[in-house]
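Just so we're clear, the structure is a prediction, and the values are computed from it rather than from any experiment.
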Amino acid sequence: MQKADFINFRQYYKQAAILISSDDYYQTFLTHKVRHSTQVLKFGRKIISQTFELANNTPDFVATAERALLFHDVGRFEEGMLRYQAEQNKEYIDAASFQLNHGDIGYNTLLKNPLYNDPRILAAVKFHGRMMEDVYKAPEWQNFMRLPDKEEIKQILFLVRDADKLANLQSIKKEQRLYHDIFYKQLPYEHRNAPLSADVVGQFTAQQTILFPTVKTFADRILMDISWLYDINYAASYRISRENGFMKYLLSELEKYNLDKTLQQKIINQVKEAEKKCE
């Protein structure tokens, strides 16, 4: 990856930031996404260095993977700008709409840029934030899987997904972001201290990544982040998570809200079992 890639990345940020008031929430949002993207690149490089099939691939593959890591959230910049403008105009924006799916925005943005119009980058940008069950069913993904470099497309997507989770887990642990995000702030007080929901526990017990729409309480939210372990692809990612104590931190936070000691121990045991994949 070249210095020019960082300059181009910052340019996408500046194009959005210049349209937002300096003291607005969305300016902070954009700045956080710049920092997050560099953290994802950092974790991605760690995963590459500790994974034989990635580190021993061609220099072109590694450079392309690093660009996918850096640009994975490029759609967040336009998203932030659109949300800011909508609020200024007192308009309502559906967060689930296609127009504000940051993966789709980023995909369409880079599709127009010949420097990054590479299926290995585009697929990672478009699909890094979706449930893999939905990715596999998407017609666009099936089209990617007909290309000659489909194996590299999968490797890079899995790399970006893992590094994205690690960067988010680091932010959760170091900055206590779970207590500062919109979900927590808008959660009714009685749901902040409520026990785990049966549906969420069922998903975790089945070793599934918990679906966000099923999250009702703050304990559910913590367990959802713990369940990311079931959507990690490389052994190095498990190892990096354990070395940084990400799951240990989340389990200690969950214990404050989950008063069912038997259930808590069951969750701890499942986490330990999942982390054995790094051994």
Heavy-atom closest contact (Ala65 atom, Ile48 atom, distance): CB-CD1, 4.3 Å
Non-hydrogen side-chain atoms of Glu151 and Lys154 separated by less than 4.5 Å: yes
Result block: side-chain N/O donor-acceptor pairs under 3.5 angstrom for residues 9-18, not counting sequence neighbours:
{"unit_1": "Tyr12", "atom_1": "OH", "unit_2": "Asn113", "atom_2": "ND2", "d": "3.0"}

For Tyr179, all residues meeting ring-ring contact (aromatic ring centres under 6.0 Å, His included), sequence neighbours excluded: Tyr184, Phe218
Thr64 (side chain) donor-acceptor with Asp60 (main chain) under 3.5 angstrom: yes
Nearest heavy-atom neighbours spanning Thr217 and Leu187: C-CD2, 4.1 Å
Considering all heavy atoms, the nearest Ser237-Asp162 contact: OG-OD2, 2.7 Å
Within 6.0 angstrom of Lys248 NZ, more than 12 heavy atoms from elsewhere: no
Polar side-chain atom of Asp134 near backbone of Arg130 as donor-acceptor pair, under 3.5 Å: no
Main-chain N/O of Lys46 paired to Ser49 side chain as donor or acceptor, under 3.5 Å: yes
Candidate pair Arg83 and Glu79, rule salt bridge (Lys or Arg N to Asp or Glu O under 4.0 Å), full reasoning: CA-CA 6 Å; Arg83 288 188 181 281; Glu79 177 197 4; 3.1 Å; yes
ILVMFWY network linking Val200 to Leu259, side-chain heavy atoms under 4.5 angstrom: no
pair Ile232-Phe158: side-chain heavy atoms closer than 4.5 Å: no
Sidechain-backbone polar pair: Ser227 side chain, Met224 backbone, donor-acceptor under 3.5 Å: yes
Close side-chain approach of Ile105 to Arg76, heavy-atom, < 4.5 Å: no
Inter-residue atom distance Gln170.CD - Ser241.OG, 0.5 Å rounding: 11.0 Å
side-chain contact (heavy atoms from CB on, under 4.5 Å) between Trp141 and Lys126, worked out: CA-CA 9 Å; Trp141 176 256; Lys126 188 175 185 68; over 6 Å; no
Pair His72-His102, side-chain donor/acceptor within less than 3.5 Å: no
Residues that His191 engages under ring-ring contact (aromatic ring centres under 6.0 Å, His included), provided they are two or more places apart: none
Non-hydrogen atoms of Ala163 and Gly44 that approach each other most closely: CB-N, 3.6 Å
Minimum heavy-atom distance Leu70-Asp5, with the two atoms named: CD2-O, 4.0 Å
Sequence-distant partners of Tyr230, ring-ring contact (aromatic ring centres under 6.0 Å, His included), two or more places apart: Phe204
Ala63 backbone acceptor or donor facing Gln2 side chain under 3.5 Å: no
Backbone N/O of Asn244 and side chain of Lys173: donor-acceptor pair under 3.5 Å: yes
Residues Val125, Asp73; criterion side-chain contact (heavy atoms from CB on, under 4.5 Å); working and verdict: CA-CA 7 Å; Val125 170; Asp73 261 356; over 6 Å; no
Step-by-step side chain to side chain donor-acceptor pair (under 3.5 Å) determination, Asn269 to Gln265: CA-CA 6 Å; Asn269 291 341; Gln265 189 58 52; 3.0 Å; yes
Modelled atom types, side-chain donor and acceptor of Tyr84 and Gln27, under 3.5 Å: no
Audit row: Gln50, Tyr234, side chain to side chain donor-acceptor pair (under 3.5 Å) steps and yes/no: CA-CA 9 Å; Gln50 297 180 32; Tyr234 294 105; over 6 Å; no
Main-chain N/O of Leu263 paired to Asp260 side chain as donor or acceptor, under 3.5 Å: yes
Rounded distance (nearest 0.5 Å) linking atom OH of Tyr26 with atom CD of Gln85: 11.5 Å
Cluster link Leu229 to Met131, ILVMFWY, side chain under 4.5 Å: no
Step-by-step side-chain contact (heavy atoms from CB on, under 4.5 Å) determination, Ile20 to Phe29: CA-CA 11 Å; Ile20 299 175; Phe29 172 82; over 6 Å; no
Expected output: side-chain Thr58 to main-chain Phe61 donor-acceptor under 3.5 Å: yes
Stepwise side-chain contact (heavy atoms from CB on, under 4.5 Å) test for Glu273 and Gln270: CA-CA 5 Å; Glu273 192 63 30; Gln270 279 198 218; 5.6 Å; no
Any donor-acceptor N/O pair, Gln203 side chain to Leu211 backbone, under 3.5 Å: yes
Exercise: identify the closest heavy-atom pair between Ala194 and Ala219: O-CB, 3.9 Å
Distance (rounded to the nearest 0.5 Å) between Ser171 OG and Leu166 CG: 12.5 Å
All side-chain hydrogen bond (donor to acceptor under 3.5 Å, both in side chains) counterparts of Gln208, not counting sequence neighbours: none
Same apolar cluster (I L V M F W Y, side chains within < 4.5 Å links), Tyr136/Leu147: yes
Criterion side chain to side chain donor-acceptor pair (under 3.5 Å) on Asp23 and Ser21, from CA distance to verdict: CA-CA 6 Å; Asp23 61 348; Ser21 173; 2.6 Å; yes
Within-4.5 Å side-chain heavy-atom neighbours: Tyr107 and Phe127: no
Side-chain heavy-atom pair Ile226, Leu223 within 4.5 angstrom cut-off: yes
Gap separating the CH2 atom of Trp228 from the OG1 atom of Thr209, nearest 0.5 angstrom: 10.0 Å
Asn258 side chain to Leu254 backbone, donor-acceptor under 3.5 Å: no
In one Ile/Leu/Val/Met/Phe/Trp/Tyr side-chain cluster, 4.5 Å: Val74, Leu111: yes
Leu159 vs Asn233 side-chain heavy atoms within contact, under 4.5 Å: no
Residue pairs, two or more places apart or on separate chains, that pass salt bridge (charged side-chain N to carboxylate O under 4.0 Å, His left out) and touch residues 209-232: Arg161-Asp231, Lys165-Asp231, Asp181-Arg221, Arg221-Asp225
Distance (rounded to the nearest 0.5 Å) between Phe71 CZ and Leu115 CG: 8.5 Å
Interatomic spacing from CD1 in Ile156 to CG in Leu54 - rounded to 0.5 Å: 9.0 Å
Salt bridge (Lys or Arg N to Asp or Glu O under 4.0 Å) between Glu275 and Lys272, intermediate numbers included: CA-CA 5 Å; Glu275 288 186 326; Lys272 288 180 179 178; over 6 Å; no
Residue pair Asn8 / Tyr116, side-chain donor-acceptor N/O under 3.5 Å: yes
